[in-house]
Amino acid sequence: MKFIVIIPARYASTRFPGKPLAILGGKTVIQRVYEQATSILPDVYVATDDERIREAVEKFGGKAVMTRNDHKSGTDRIEEAVEKIGTDADVIINIQGDEPFIQGSQILTLQRLFDSPETQIGTLGKHFEDMEAVMNPNSPKIVCDVRGFALYFSRNVIPYIRGKEYQTWMESFPYLKHLGIYAYRREVLHEVTRLPQSPLEIAESLEQLRWLENGYRIRVGLTDVETVGIDTPEDLKRAEEFLANTQQQGTW
């Protein structure tokens with residue numbers, strides 16, 4: 001089975017314009033994401049709508065493909081990139097351009113999900129460490145069936161534990177945090193990018209609910225590695241501290 005990684009990266013971000021080109025530990029964020037991906041898979045491309053990002057990627061020796069600037073999601077941008085590249089890959093892995101700490105073990109976990117022919121889309125989940133984090137609506141939660149397929153994603157706390165104080169809910173259920181890293185079978189990627197927005201997706205502002213609502217099966221792999229996504233300049237400062245600590249400990 002052949003895998004390819006596509007990293008969607010756009011310059012125009014409301015909360016952090018130009019974040020793929022922000023410097024983190026002496027390298028751009030997009031270079032760090034790219035290098036982490038190529039440590040596992042050789043076939044990696046950055047899909048962007050901005051010439052500055054393309055030039056930066058090619059400057060450090062990476063591969064980039066230009067896409068339209070009117071895409072509503074990273075998934076749509078990836079589909080255009082795949083069509084332009086003309087790849088014969090069986091599975092497309094989507095790593096966000098603001099995830100510089102993506103680990104090889106996480107990519108390998110995604111790959112293993114496709115050992116089963118039932119897996120149409122793969123993603124990752126990590127168990128929450130405290131109830132305060134579970135309550136954060138910016139950290140989507142997942143509930144899965146007994147075989148590891150997603151039943152639902154929500155910004156709200158799911159499931160609700162009846163008859164107990166919420167501070168004790170983690171004693172009753174292992175809440176699972178969704179990490180926004182995906183992999184799609186080639187034909188499935190083509191299909192889901194042609195679906196209209198669904199009611200659940202609009203309600204929760206979670207694109208993956210469109211896929212579930214249309215009957216696609218999303219298998220969830222488990223990871224114990226925390227990612228540090230960068231959405232704001234404050235997140236970049238937090239990422240600098242994380243990088244400095246891991247380098248000091250010799251784990252990076």
Side-chain angles (χ1 to χ4, degrees), residues 72-76 78-79 90-96 99 102 105-227 229:
K72 295 182 178 179
S73 71
T75 310
D76 294 333
I78 287 171
E79 168 64 11
D90 302 290
V91 176
I92 317 301
I93 297 178
N94 170 3
I95 299 175
Q96 299 301 317
E99 291 282 353
I102 181 78
S105 63
Q106 295 173 309
I107 298 173
L108 290 171
T109 296
L110 270 179
Q111 289 181 272
R112 284 194 292 266
L113 295 176
F114 290 87
D115 290 343
S116 168
E118 294 181 89
T119 303
Q120 295 178 295
I121 301 171
T123 193
L124 296 180
K126 180 183 182 296
H127 289 297
F128 281 99
E129 296 181 356
D130 57 67
M131 200 60 205
E132 182 180 357
V134 176
M135 301 291 287
N136 183 354
N138 293 319
S139 293
K141 273 64 69 174
I142 321 171
V143 287
C144 299
D145 67 15
V146 294
R147 299 179 62 206
F149 286 98
L151 292 170
Y152 195 68
F153 298 80
S154 182
R155 296 187 182 278
N156 210 339
V157 180
I158 52 173
Y160 174 89
I161 308 297
R162 185 176 180 181
K164 294 188 178 182
E165 295 293 328
Y166 80 88
Q167 296 91 338
T168 67
W169 284 3
M170 287 189 69
E171 300 171 9
S172 301
F173 189 83
Y175 286 95
L176 196 60
K177 174 182 178 180
H178 180 228
L179 305 183
I181 304 162
Y182 299 101
Y184 326 78
R185 292 195 187 274
R186 176 67 190 96
E187 66 278 8
V188 171
L189 174 64
H190 180 77
E191 292 167 5
V192 299
T193 53
R194 280 150 179 78
L195 296 172
Q197 280 194 303
S198 71
L200 289 175
E201 175 192 8
I202 294 170
E204 296 250 22
S205 190
L206 294 173
E207 182 185 18
Q208 61 270 33
L209 291 176
R210 183 193 317 182
W211 312 333
L212 282 183
E213 205 164 354
N214 281 276
Y216 289 91
R217 308 201 71 193
I218 305 174
R219 187 164 239 150
V220 181
L222 297 181
T223 178
D224 58 2
V225 179
E226 185 63 82
T227 59

Gap between atom OH of Y184 and atom CH2 of W211 - 0.5 Å precision
4.0 Å
Whether T193 side chain and H190 backbone form a donor-acceptor pair below 3.5 Å
yes
Sub-3.5 Å donor-acceptor pair from the side chain of T123 to the main-chain atoms of L179, do we have one?
yes
Over 12 foreign heavy atoms within 6.0 Å of CD, E187
yes
Backbone N/O of Q96 and side chain of E99: donor-acceptor pair under 3.5 Å
no
If you apply the rule side-chain contact (heavy atoms from CB on, under 4.5 Å), what do you find for M131 with V157, and how did you get there?
CA-CA 10 Å; M131 200 60 205; V157 180; 4.1 Å; yes
Between L212 and L200, does a side-chain contact (heavy atoms from CB on, under 4.5 Å) hold up when you go through it step by step?
CA-CA 9 Å; L212 282 183; L200 289 175; over 6 Å; no
Short side-chain to backbone donor-acceptor contact, T119 and L113, under 3.5 Å
yes
Would E191 and R186 pass as an ion pair if we require N to O under 4.0 Å?
no
With rounding to the nearest 0.5 angstrom, report the CD1 to CD1 distance, I78 to I92.
8.5 Å
How long is the gap from CE on M135 to OH on Y166, to the nearest 0.5 Å?
5.5 Å
Side chains of E207 and Y182, donor plus acceptor under 3.5 Å
no
Would you call H127 and L222 a side-chain contact if the rule is heavy atoms closer than 4.5 Å?
yes
Evaluate I161 against T168 for side-chain contact (heavy atoms from CB on, under 4.5 Å), listing each step before the verdict.
CA-CA 9 Å; I161 308 297; T168 67; over 6 Å; no
Within the structure provided, determine whether F173 and V134 are in side-chain contact (heavy-atom separation under 4.5 Å).
no
Measure across L176 and G125 and return the closest heavy-atom pair with its distance rounded to 0.1 Å.
CD1-C, 3.8 Å
Q106 side chain vs V225 backbone, donor-acceptor pair below 3.5 Å
yes
Please evaluate residues E204 and F153 with respect to the criterion side-chain contact (heavy atoms from CB on, under 4.5 Å), reporting the C-alpha separation (whole Å), side-chain torsions for both, the decisive distance (0.1 Å), and the verdict.
CA-CA 9 Å; E204 296 250 22; F153 298 80; over 6 Å; no
4.5 Å side-chain heavy-atom contact, P174 and F128:
no
L108: which residues meet the side chain to side chain contact (heavy atoms under 4.5 Å, CB included) condition with it, sequence neighbours left out?
I40, Q111, R112
Rounded to the nearest 0.5 Å, the CG atom of L209 sits from the CG atom of N214 at a distance of 11.0 Å
Answer yes or no: are there more than 12 heavy-atom neighbours, outside E129 itself, under 6.0 Å from its atom CD?
no
Does a salt bridge link K164 with E171, judged by any charged N lying under 4.0 Å from a carboxylate O?
no
Nearest-0.5 Å distance, OG1 of residue T223 to CD1 of residue I102:
8.0 Å
If I take atom NZ from residue K126 and atom NE2 from residue H178, how far apart are they, to the nearest 0.5 angstrom?
14.0 Å
Between K141 (side chain) and S139 (backbone), is there a donor-acceptor pair under 3.5 Å?
yes
Pairwise side-chain contact, I218 with Q120, heavy-atom cut-off 4.5 Å (strictly under):
no
Is atom CD of E132 surrounded by more than 12 heavy atoms (other residues, nucleotides or ligands) closer than 6.0 Å?
no
Any side-chain heavy atom of K72 within less than 4.5 Å of one from Q197?
no
